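Reviewing the structure listed below.
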Amino acid sequence: MPEPAQEPIVNRLSIQVATVNGSGSQTANNTLLRSIFQMGVPVSGKNLFPSNIAGLPTWFTIRANADGYIARRREIDVMVCMNPATVEQDVMGVPPGATVLCDDTILKEHPRKDVTFLALPFQAIVRDCCPKVDLRKLVVNMVYVGVLAEMLGIEVAEVEKALQKAFRSKPKALELNQAAVLAGVKHAREHVTHRPRFQVRRMDKTAGKVLVDGNTACAVGALFGGATVLAWYPITPSSSLAEAFNDLADRYRRDADGKATFAVVQAEDELASIGMVVGAGWGGARAFTTTSGPGISLMAEFVGLAYYAEVPGVIMNVQRTGPSTGLPTRTMQGDVLKAALLSHGDCKHPCLYPADIGEAYEMAAQSFDLAERLQTIVFVMTDLDLGMNLWMADPWQYPTKAHDRGKVLDEAGLKAMKDWGRYKDVDGDGIPYRSLPGTPGGLGAYFTRGSGHDEHARYTEDGGAYVRNMDRLARKLDTARGLVPAPVADGKGRKVGILAYGTTHHAVVESRDQLRSEVGLEADYLRLRAFPFHPSVRDWLAAHERVYVVEQNRDAQMLQLLRMEWPELAARCISVLHYDGLPVDARSVTDQVAKHEKQSPAMAKGGAR
Amino acid sequence: MPEPAQEPIVNRLSIQVATVNGSGSQTANNTLLRSIFQMGVPVSGKNLFPSNIAGLPTWFTIRANADGYIARRREIDVMVCMNPATVEQDVMGVPPGATVLCDDTILKEHPRKDVTFLALPFQAIVRDCCPKVDLRKLVVNMVYVGVLAEMLGIEVAEVEKALQKAFRSKPKALELNQAAVLAGVKHAREHVTHRPRFQVRRMDKTAGKVLVDGNTACAVGALFGGATVLAWYPITPSSSLAEAFNDLADRYRRDADGKATFAVVQAEDELASIGMVVGAGWGGARAFTTTSGPGISLMAEFVGLAYYAEVPGVIMNVQRTGPSTGLPTRTMQGDVLKAALLSHGDCKHPCLYPADIGEAYEMAAQSFDLAERLQTIVFVMTDLDLGMNLWMADPWQYPTKAHDRGKVLDEAGLKAMKDWGRYKDVDGDGIPYRSLPGTPGGLGAYFTRGSGHDEHARYTEDGGAYVRNMDRLARKLDTARGLVPAPVADGKGRKVGILAYGTTHHAVVESRDQLRSEVGLEADYLRLRAFPFHPSVRDWLAAHERVYVVEQNRDAQMLQLLRMEWPELAARCISVLHYDGLPVDARSVTDQVAKHEKQSPAMAKGGAR
Amino acid sequence: MSTQGPTTAQPAPSGNTNRIGLTVADYKGLPSTLCKGCGHDVITNAITSAFHEMGVEPHRVAKMSGIGCSSKTTAYFLSRGWGFNAVHGRMPSVATGAVMANRKLVAIGVSGDGDTASIGMGQFVHLVRRNVPIVYVIENNGVYGLTKGQFSATADQGSKLKTGEVNDLPPVDLCTMAINLGCGFVARSFSADRKQLVALLKAAIAYDGTAVLDVMSPCVTFNNHEGSTKSYDYGRDHQGPIHELGFVPSWESPDVQFDDNASIRVPLPDGASVLVRRVDDAHDPRDKAAALRILRETDSAKEFLTGLFYLEPGKPSLHGLLHTVDQPLGTLPMQRVRPPASALQEIVDSLR
Amino acid sequence: MSTQGPTTAQPAPSGNTNRIGLTVADYKGLPSTLCKGCGHDVITNAITSAFHEMGVEPHRVAKMSGIGCSSKTTAYFLSRGWGFNAVHGRMPSVATGAVMANRKLVAIGVSGDGDTASIGMGQFVHLVRRNVPIVYVIENNGVYGLTKGQFSATADQGSKLKTGEVNDLPPVDLCTMAINLGCGFVARSFSADRKQLVALLKAAIAYDGTAVLDVMSPCVTFNNHEGSTKSYDYGRDHQGPIHELGFVPSWESPDVQFDDNASIRVPLPDGASVLVRRVDDAHDPRDKAAALRILRETDSAKEFLTGLFYLEPGKPSLHGLLHTVDQPLGTLPMQRVRPPASALQEIVDSLR
Ligand SMILES: Cc1ncc(C[n+]2csc(CCOP(=O)(O)OP(=O)(O)O)c2C)c(N)n1
Ligand SMILES: Cc1ncc(C[n+]2csc(CCOP(=O)(O)OP(=O)(O)O)c2C)c(N)n1
Ligand code: SF4
Ligand code: SF4
Ligand SMILES: [Mg+2]
Ligand SMILES: [Mg+2]
């Protein structure tokens, strides 16, 4: 096997495949990703796809990184060009030193001399190895998998294993694809002498881990979280969450006689899906919906009703790039402010911000506990990056705690409680006791409404009763601070802090290392995990002189929430933003922070607070 | 005429009539209000009505005040009890020294000794003076008008004049009502010796003024503002705005042949009404809708579309008490934060906050200029208090400026502009040039969408184009700061400031006088009139040590907006809130400010900044 | 929705108590706050009677509504049931969610013509399509009562407001629409015809699926004048029942009312039957084509026909489609809704 | 909407140019980004031809749509017209507003079955009720193409997804619904039947009011397999035209197509006519009862009938109801929309 000319860079590379959607490259790319993963090398995959079904440019990026960095990386080391429409920008986009493999029917040579440009006969190879003419369009993708395996040192046995997984139930397809991979390997071995500097070698950093997307993780969380009702309306990038839950529940939540312990309805729109969630939550179900941007806007009225009438429910918002329809297949943390404040009038809603596969699972499950405990809508704020990309993760732990069904009184409970009132603050935490429709005994009946009501759920327009109720609702949200997941702090005692949440986490992890090694900046890190903010967030902000708040939107939405809460502390916050619809990368964070640090007079003085 | 026992208090009184809605008392109460107004005494009226059509408690309060204070006042000097359901709370609610007139079929005496309780035979009187049995239920209200006129010194000739206005086209009804007033006068003259201390006397402070509600004022503004399309859905308290516009346009906006220069559609809901506004704005109309709380939530998705696709339109939000259905017939400044941030994703919207009848007219008209200039949705944020109560006001001035139709290119304009692009920032103010559908010449056609687009309105998912566009939109909102109405400052150089907006203004005016006279506090005053904030707001905040931000909602929504904008300055702001659904009164403001000032260490030290 | 379930059939009620020993007072609600004479109050009364006569356990009743004068009425019957006054026009989705959570609930939805045919059009259509088990009553007065009398989408073309304004848009005929959407129980009635209304409501309560009752219910304050086609006078002058209707609940013998030769008997799956007296022209409610035809013809003749236009027992309701366990989902114990550890292991393994 | 207005009748187009001298290229849009073979692209083509043949000035065309693969297609025809890709399911209101602002616009709305019958149900109903002048095309594939193939509300009961999932809800029949809502132009077609489609589109363009065209348009990616009732094969195997249709624009003489004895001729107010060849069983589109009957019967027979089900020329459109001035409201000069000072004075005086 030829060896790369230069000292190899091992397990630190990014591969990008440029193709068109609907061309079947997804399976090839996942096979590649999985093969590297099986070799024990930490990987991450980012699928950049258009908002249509077939024929438009798509890019899939695989990053393998021995240090375990799984954020997006901008620089591409090995580029595979399968799309004539983008080939020029694809070749021009890679840094010097990169290797470009190009389908030779697209382009035979390229003037760039600082990259290795190889035109390869992918189509000819597939013609030879694939007898099924109509399938060649799909199978050709496996040829580049084989070529890359050979050139980068990806073990063919692992590729075979990954293929077997992908085509488990389709032996015919498996055979064709295997042949294509091997043809690719053979071609590279026999006809390609160049070996990129970037190589993959077996290591042991993925043992026991799984590869999964965040939408599936949320669905599994909902499954074990005991969700009983799902009402949803399709919208990218959330549809696969609902579909995954449906499939999982179909398999794991049916009695022996086939009867279901769950109900899923595809609603006619988002007003209906949230309406069903509110009805079901009122009826006692652990109910949820899945949606994205436009759906959040459409749910506004019902979310206010649930706040005021105190009905539990969960909205899983897989955020995409807004406003409006925006870029439906791009990511963003763009609804952070909007979801927390959704609906007219005075109201706020708890939000959870999962950063990874583990939290997607845990928070999805926990959201039902919180919703029932707090009797309000809880948002799980994931995003397209987490939801639709494949992530490496530790396997989930089976829950150890029982579901928290909150303050629900059954027949006996109602009898035991004297003079029960649906909206009385018995425990001083702002959370009243509720009864479920259908409870026998004649004590629990009450009337739910979005209009004025007193402690006994009686209609009233009395200003005093209104104020008491609104003040209790504010108290309830204060109680929530102690119930939602606390922030996670890493490092302490430094002058400079970085605050982030959700998927931005992965870039920050890498950026902190870059800042340390590149400009010598040691920064503490706080990862927010929920709104309303835990009291410790305040202390952490107070303990730092400058805090970089990193997020993926234009308007610094989380910082806005922090300002609303603690203006005096928020004044020390500096916004670091990334909002082009691609997942934020460490370099973007590092450069912005480093630039600001350079300008910062406090830094120059080196003074402590 | 008997005289009050004590030294009279002249032209400083509040009268409240407690009755049930649907009983016809509204005309009587307005007659009373108008009579006092015609005597040259500044008045204001607050109608507190339930959210149903007939049979529930209603209170109408008239305040006459020689100093021109027109905010709500909590203390009632003269109470008229016509509702058995509330008589006890009504009598108990007045301060010592008040006079209570009670229908003697409801209650004959009351144990309170510190008030003058008079049981009067209203029903017997109406029986004698009104031959029409079925009308007595209505006409009885005029009896208390007569009684009050006599007891408070309201001139009967003015009452007659007001009656004539009310029953202009109904001579029969006029006659019956006149008789009832006179019977009331006669009864009081002959049988009631008590005269309250609080008296009304002619003065000259209302000459030239009008009495009108804010919804009518907005409708007149829209009429002269050149609104051409109104799409609306009924909702209290905004319906009468739409209906007033419809009536006015019907009268003043038809050609000789009866053809209309306007179009009004009652839509099927708020999603449709805002959709029509967006379609009409795109088509070139000056289009608006009227709504309140729940409607705002339902409009969220379309407002985001209009932001991103840059379509002009006006939403007149007559705010009521939320969240959810809330208290539909109570007032609140409860959507301030929500309207400014409406819709998912990064977007913000200009909002105007009229404080009085003059501004309701002006801002309603100006909103169309702003919407077309900025090519975005503009909110006119009025409220139930302004919209549905009668206010004394100076007559409106005929507009001197031409309508601003914004950057619209017609056929010639398109030819003149080289390489026109719908979303190009030609002038550096973030505002692009648009063309209207139907423009001939073949140059103006473009495609409008809520998804990603470049400077030439071409579809794109390119991150760079997305960021350029979003940055321009942010720039456009910055431009808006200089176009929206600037704040109004009163007083300067003091340490303490009060900041308010909208109808809260009237309580603040009175409260500043109270603070001055009661605790010796001189406070500067800034009245905000629009979002995004004018740069001078920042300077004004910076110039004060402590700023009381007075508003009518629970969550300090305007303060939240200020914090988002200038956290470092917002830290000096103290929230003064009133949110029981009734219009804020000066006493509530004064007490909260005074209490805080007492506690304020800076105040104690007397230190300057 | 079926009234089976925990309640087992019992002998016919004697005197004032029903088969579960409750009096009509046990089915009452709070005093109405509507205008005196409002048609809605009459319907409230009929609903109270129907639930009483059917012997439905009050705690099983879910009273769903939107916003409007009509929607308020769920507070005025069955205080011992659970009420949910949701948001304007979107009650259908809330009701759907509620019965998904608890299939034992007996749901009744009360809505207005504005609430259903204007803002609520979409949700109504989809509720019907899903055959959500609910008695869905539209208290139809042709106007928005609560917002002071604007026309709604069921106002007849040419009908006049008090202000003189004339409606120039065609009305939505909710009965025709429901039948075309596959609804298996579609009726029209008049709040002044208490007898028919109670019979229809009882049949609707016994019916398992969406039962649509479009009831003309005059708004005395805003739409009861001359020129209105939704006034008491107009109703009385134009009403034509399409048949004489009887309902026999499951625990009574059908022959107590009419004998079978003199009537068409449509059995419901739960054992109850709907009876139609066999007279000339009596509409057979199983005849969909005839139902649509007479609805169309009335429409052009400006008649106001009432009765049970269409009845198709035995269609699977939403519960049948969802195939859920018999117990309410909302109160299943944790063991039944959290799969075992082995399931998680299996899922994890599939991702390796 | 009427194609009258500035465009005066001219002689029939000769060769490739139409009566206003434009070629079909002048009516083209951007290249489609849909899947190869998608039914929607065929409709795009037919729309292009219809506008060309009708000689509509491109700048007068407003292309309205919601969200979906179908809704994207407004970018693929008539680049010289104005397009508005609004939000999902709410195009009807946007279109209503647009024509209110400018009554000279010739509006065409392109929507999907999800966009219209699921999320858009309510707005569709009310657009039709208002008789908004628009050619309203539903590109009906029974699924949500853009979100990867879930069932929509027009999917037939029993039809199957590729995944094997079966639809168990009844479909919404948009044609029946439109007729019942008073729509005066209701047609069904098939994207594979270009000839019929173009004839219908031309007639719809000439029609002044809401013209509903429900066009079966297979989704080759998600709903073109066996078991689908919206596939090309299904359509071809089951299509039955209810008549042979011709359209004669206002500037052509009707006898150029069929002679009057051999055909039923329905004149439109603008001078155009719709012709139906008189053969046995040919459906007369003026017969509403027959239209509803055959729609009902096909429905149960699982046939796929196409043609112009109902045509009622001369109903007042929204513009008639609004009685607005002839000029577009949006560009009236200020003097016409700001009343004089005397008006303000009068208003102020009334408040004193
Ligand atoms: C989203 C929203 N829009 C508007 C309203 C105002 N509103 C309350 S009731 C109602 C109409 C009620 O009409 P209908 O359903 O016919 O009931 P009715 O009062 O006639 O019985 C309206 C428009 C509201 N509450 N919510
Ligand atoms: C409010 C909202 N909800 C959901 C979506 C996601 N979405 C985009 S297109 C579509 C359905 C399109 O189906 P259809 O109208 O039948 O068009 P087709 O793609 O089949 O032509 C959905 C649900 C959206 N864009 N907006
Ligand atoms: S307004 Fe009309 S609908 Fe409402 S309560 Fe009164 S009579 Fe009934
Ligand atoms: S997914 Fe279906 S509807 Fe969409 S473009 Fe492809 S074939 Fe057409
Ligand atoms: Mg009504
Ligand atoms: Mg479709």
Side-chain angles (χ1 to χ4, degrees), chain B residues 210-212 216 220 223-229 231 248 252-253 255 258-265 267-269 271-287 301-302 305 395-396 398-399 402-403 436-442 444-451 459, chain D residues 30 33 57-64 67 74-75 78-87 90-102 104-105 122-123 125-126 129-130 318 322-326 328-332 334 336-341 343-348 351-352:
Chain B
V210 296
L211 265 184
V212 65
T216 302
V220 174
L223 183 76
F224 290 89
T228 42
V229 167
L248 287 165
Y252 295 110
R253 290 275 294 279
D255 282 2
K259 288 193 172 175
T261 64
F262 69 98
V264 176
V265 164
E268 63 271 27
D269 70 3
L271 280 93
S273 56
I274 185 68
M276 291 176 197
V277 167
V278 169
W282 175 77
R286 286 164 87 91
E301 190 189 19
F302 261 119
L305 171 69
W396 303 299
Y398 192 71
H403 294 155
L436 300 182
T439 306
Y446 73 99
F447 201 93
T448 304
R449 48 165 68 83
S451 48
Y459 181 74
Chain D
L30 299 171
T33 61
E57 292 164 297
H59 71 263
R60 286 181 57 208
V61 180
K63 306 174 297 172
M64 315 303 292
I67 302 285
T74 48
L78 264 165
S79 284
R80 293 168 60 180
W82 269 255
F84 198 156
N85 214 177
V87 292
R90 325 286 176 185
M91 172 264 278
S93 60
V94 182
T96 305
V99 301
M100 284 166 79
N102 184 345
K104 302 281 183 202
L105 294 177
Q123 293 216 339
V125 166
H126 292 283
R129 274 187 79 226
R130 293 190 185 100
L318 179 69
L322 294 174
H323 201 56
T324 47
V325 295
D326 299 334
L329 295 181
T331 45
L332 288 175
M334 189 176 75
R336 297 196 60 195
V337 298
R338 179 185 277 173
L344 184 63
Q345 194 54 51
E346 194 175 301
I347 293 167
V348 165
L351 300 169
R352 279 208 169 112

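What you are looking at is a predicted structure, and each value in this text was computed from that prediction instead of being measured.
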- request: Over 60° means perpendicular and under 30° means parallel, so classify the ring planes of D:Trp82 and B:Tyr446, tilted if in between.
  value: perpendicular

Atom group of B:Val264 that falls short of 4.5 Å from chain D, counting heavy atoms: backbone

field: Max heavy-atom pair count under 4.5 Å with chain D, selected residue of B:Gly450, B:Ala287, B:Ala267, B:Gly442
entry: B:Ala267

Per-residue contact mode, B:Arg286 against chain D (heavy atom under 4.5 angstrom): neither

- prompt: Could you give the distance from CZ (B:Phe224) to CE (D:Met334), rounded to the nearest 0.5 Å?
  reply: 12.0 Å

- prompt: Side chains of B:Lys259 and D:Asp326: closer than 4.5 Å at any heavy-atom pair?
  reply: yes

statement: Looking only at D:Ala98, D:Gly330, D:Ala101, D:Pro339, most heavy-atom pairs under 4.5 Å shared with chain B are made by D:Pro339

message: Using heavy-atom distances under 4.5 Å, tell me whether B:Ala402 contacts chain D through its side chain, its backbone, both, or neither.
response: both

query: Contact part of B:Leu271 toward chain D, heavy-atom cut-off under 4.5 Å: side chain, backbone, both or neither?
result: both

query: Looking at B:Pro437, B:Ala285, B:Gly284, B:Gly438, which one has more heavy-atom pairs under 4.5 Å with chain D than the rest?
result: B:Pro437

field: B:Val229/D:Leu329 under side chain to side chain contact (heavy atoms under 4.5 Å, CB included): CA gap, chis, key distance, verdict
entry: CA-CA 8 Å; B:Val229 167; D:Leu329 295 181; 4.3 Å; yes

query: If you round to the nearest 0.5 Å, how far is NZ of D:Lys63 from OG1 of B:Thr448?
result: 10.0 Å

query: Can you tell if the side chain of B:Trp282 reaches within under 4.5 Å of the side chain of D:Asn102, non-hydrogen atoms only?
result: no

Heavy-atom side-chain proximity of D:Leu30 to B:Tyr459 below 4.5 angstrom: no

message: To the nearest 0.5 Å, what is the distance between CD on D:Gln123 and CD on B:Glu268?
response: 5.5 Å

D:Met91 versus chain B, the contacting section by heavy-atom distance below 4.5 Å: neither

message: Side chains of D:Val348 and B:Tyr398, heavy atoms from C-beta outward: is any pair under 4.5 Å?
response: no

message: Please identify, among B:Gly258, B:Ala227, B:Pro399, the residue contributing the most non-hydrogen atom pairs under 4.5 Å to chain D.
response: B:Pro399

task: Examine whether an atom of D:Arg130 lies under 4.5 Å from a heavy atom of chain B, and if so say whether it belongs to the side chain, the backbone or both; otherwise answer neither.
output: side chain

- line: One should read off an interatomic distance between D:His59 NE2 and B:Leu436 CG, to the nearest 0.5 angstrom, of 12.5 Å

task: Using a cut-off of under 4.5 Å on heavy-atom pairs, state which of B:Val220, B:Val212, B:Leu223, B:Leu248 scores highest against chain D.
output: B:Leu223

Heavy-atom contact with chain B under 4.5 Å, split by part of D:Ala95: neither

message: Quick check on B:Ala263 against chain D: is it the side chain, the backbone, both or neither that has a heavy atom closer than 4.5 Å?
response: both

- request: Tell me, with the steps shown, if B:Phe302 and D:Ser93 meet side chain to side chain contact (heavy atoms under 4.5 Å, CB included).
  value: CA-CA 11 Å; B:Phe302 261 119; D:Ser93 60; 3.9 Å; yes

- prompt: At a heavy-atom separation under 4.5 Å, does D:Pro58 approach chain B through its side chain, its backbone, both, or neither?
  reply: neither

Review item, side-chain donor-acceptor pairs of residues 273-281 of chain B, under 3.5 Å, at least two apart:
from: B:Ser273; atom 1: OG; to: B:Asp269; atom 2: O; distance (Å): 3.4
from: B:Ser273; atom 1: OG; to: B:Glu270; atom 2: O; distance (Å): 3.2

field: Test item: side-chain donor near acceptor, D:Glu346 and B:Tyr252, under 3.5 Å
entry: yes

query: Mind checking whether B:Pro395 and D:Gln345 have side chains closer than 4.5 Å, heavy atoms only?
result: no

query: Can you tell me how far CG of D:Leu332 sits from CZ of B:Arg253, rounded to the nearest 0.5 angstrom?
result: 8.5 Å

message: Checking D:Leu351 against B:Leu211 for the side chain to side chain contact (heavy atoms under 4.5 Å, CB included) test, could you report, in this order, the C-alpha distance in whole Å, the side-chain angles of both residues, the deciding distance, and whether it holds?
response: CA-CA 6 Å; D:Leu351 300 169; B:Leu211 265 184; over 6 Å; no

- line: The interface call for D:Thr33 against chain B, heavy-atom contacts under 4.5 Å, is neither

Verdict with reasoning, B:Trp396 to D:Leu344, per side chain to side chain contact (heavy atoms under 4.5 Å, CB included): CA-CA 8 Å; B:Trp396 303 299; D:Leu344 184 63; 4.1 Å; yes

